[in-house]
Amino acid sequence: MMYQYAESLTRLIEQFARLPGIGPKTAQRLAFYVLKMEQQQVEAFAGALVDVKKKITTCPVCCNLTDVTPCRICQDEQRAQTQLCIVEDAQDVIAIEKTREYKGLYHVLQGRISPMDGKGPEDLKIKELLVRLQQEQIKEVVLATNPNIEGETTALYLSKLMKPLGLKITRIAHGVPVGGDLEYADTATLSRAISGRREI
Amino acid sequence: MYLEKISLINYRNYESLSKNFSAQINLLVGANAQGKTNILEAIYYLAIGKAYRSARENQLIKWGNQHFKISGEIKNKISRSNLEIIFQNENQFNKGNKEIKINGIKIRRMADFLGNLTAVLFAPEDLNIVKGSPLERRKLLDNDISQVNPGYFSQLQKYQKILNQRNHLLKRMIGREKALAELEIWNMQFLNMCEKIIQKRLQVVEKLTPLTRLMQRKLTGGQENLEFKYLFNRQQEIKNGYPIRDILITEMEKVQKEELLRGITLCGPHRDDLLFILNGINLKSYGSQGQHRTAVLAIKLAELEFFKGESGEYPLLLLDDVLSELDQERRACLIKIIEDKLIQCFITTTEDVQFLWKNKKNIASFYVEKGSLSLLNR
């Protein structure tokens, strides 16, 4: 009979292999690394996995990830209650928060319109968005979906949907990266930056 | 502009090659299946960013290896640059990894790479431009425009993506018209790209038309008149200056019902065609083999002038095995044009054809055998 790994080890390798971006070889390497780790460390790791699943939920208001209900941003009364920034994923909220420029509320769509991935508007958190626009005193909506085809389509779809509501609807600007040199910007970005130029 | 030097590693049947070329005529002489065309293919690869003979790039790797590299030293009026393409195979199912560099600096987008070397290729299979499917004629336009207008290449890529998305949506909508609001948004995106691409193509057709007519007259002693017609959705002739957006909107409304039944996009630049009219008659249906060949040659020569007009310099001319197929008169005409205009030219033949040139000073003949090139004595 061919020699195989013990059952518990095989199981761990299989679990790692399910993660995105991890193939069978990497899974094996990770599993062996776990075997070498201190007991305490392994328990902390396992605990973190269970914990994150138990504690992190979706905020019923903005659909962002949260450990309290509603989430900390939705609870924060210091924030401008009239501004709403719409993003594709929870990571985008963090990215915008890091700028400390934006002081309003968020709404996380949890995806983008992409028929190739089988995702239509009905799969996004749009119903929740419309409820908010009715119930809260939002006056301006900032569409901060990604500047690619799918993000653009999602933004267009939403702006059309929200138009009758009489809100101020804005789209984030696209252009050259700050601190960079123009000569290193790619043509697509640069031509977009030129067509979207502003008077100063 | 000319290619001063090329280096190949594991490309087709070349394990390692590094050769300097003449700024004018380069004859690649050798028996069949020695790698003459592979040189042309590699040069053309640097111009259009992909292989024209093979859709799968891992087929270009020399058997038993995992990567290939093409690098070329380009010299134009004002500067000198190094272009490099490295393709790394990941596994046989995967598309692999392509890295492009200009002067050693990694470039992220193909659109920024194109245009540094322009080339016109004339190969036996180019008869398909006349005889083959509309795809061949769209490829002709798209390859030409991408070389002189790199933004067009990005637009084509974007168009393809929107088209894919729209087709997926249409397929999902078969039998149920629920997602009409979503389709409307995709239509907006689709329409914008369609308009840009068709507009650009029409502009180029407009420029190519008089150039081709002139070349055709030169080649036939003023006997034949060649014209182009751009056919929208394979039937409606449109020209530069037509209200393309309105035409597109009308057509999209017309086909929408059928699109929803069949689940595919039924109008747009991916379904357009280019018609060749010779003395008022459709060349594809009624022309002879010889007329097809002359017409293709006229188009290729017109392309040379087109590139010159757009970028200020003549492109490289790559002739794959075509000299033997032309009659004496046309061959002489072609050679005269190459000589007069000082175009760098790469010609593959099975025998040395130096005798065709009066002035042999700027001719370099290379003997090609089993993946190596050696300079022949003059």
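Below, chains carry the letters A, B, ... as their sequence lines are ordered, and counting in each starts from 1. When reading the values below, keep in mind they use all heavy atoms of this one structure, side chains included, and skip hydrogens, waters and symmetry mates. Note that the coordinates shown come from a computational prediction; the quantities given were computed from them, not determined experimentally.
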On a heavy-atom basis, which atom in [X] and which in [Y] lie closest, and how many Å separate them?
| X | Y | answer |
| --- | --- | --- |
| B:E182 | A:P121 | OE1-CD, 2.9 Å |
| B:Q189 | A:I149 | NE2-O, 3.3 Å |
| A:P115 | B:W186 | CD-CZ2, 3.5 Å |

Measure the [atom1]-[atom2] distance between [X] and [Y] for me, rounded to the nearest 0.5 Å.
| X | Y | atom1 | atom2 | result |
| --- | --- | --- | --- | --- |
| B:N187 | A:L156 | CG | CG | 11.5 Å |
| A:M116 | B:L169 | CE | CG | 12.5 Å |
| A:S114 | B:N164 | OG | CG | 10.0 Å |
| B:N192 | A:E152 | CG | CD | 10.5 Å |
| B:Q165 | A:I113 | CD | CD1 | 10.0 Å |

Report, in residue-number order, which members of residues 44-66 of chain A are under 4.5 Å from chain B by heavy-atom distance.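 Within residues 44-66 of chain A, near chain B: nothing under 4.5 Å.
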I'd like to check the side chain to side chain contact (heavy atoms under 4.5 Å, CB included) partners of B:Q199; sequence neighbours left out, ordered by chain and number.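 So B:Q199 forms a side chain to side chain contact (heavy atoms under 4.5 Å, CB included) with B:E195, B:Q203, B:I244.
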Which one, B:R108, B:H168, B:Q155, leads in non-hydrogen pairs under 4.5 Å with chain A?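 Looking at each of B:R108, B:H168, B:Q155 in turn, B:H168 comes out on top.
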Between A:T189 and chain B, which part of the residue has a heavy atom less than 4.5 Å away: side chain, backbone, both or neither?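 Side chain only.
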Please classify the contact of B:E184 with chain A as side chain, backbone, both or neither, using a heavy-atom distance under 4.5 Å.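 When you check distances to chain A, only side chain atoms of B:E184 fall under 4.5 Å.
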Got a sec: does the [atom1] of [X] have more than 12 other heavy atoms crowding it under 6.0 Å?
| X | atom1 | answer |
| --- | --- | --- |
| B:K98 | NZ | yes |
| A:R29 | CZ | no |
| A:K168 | NZ | no |

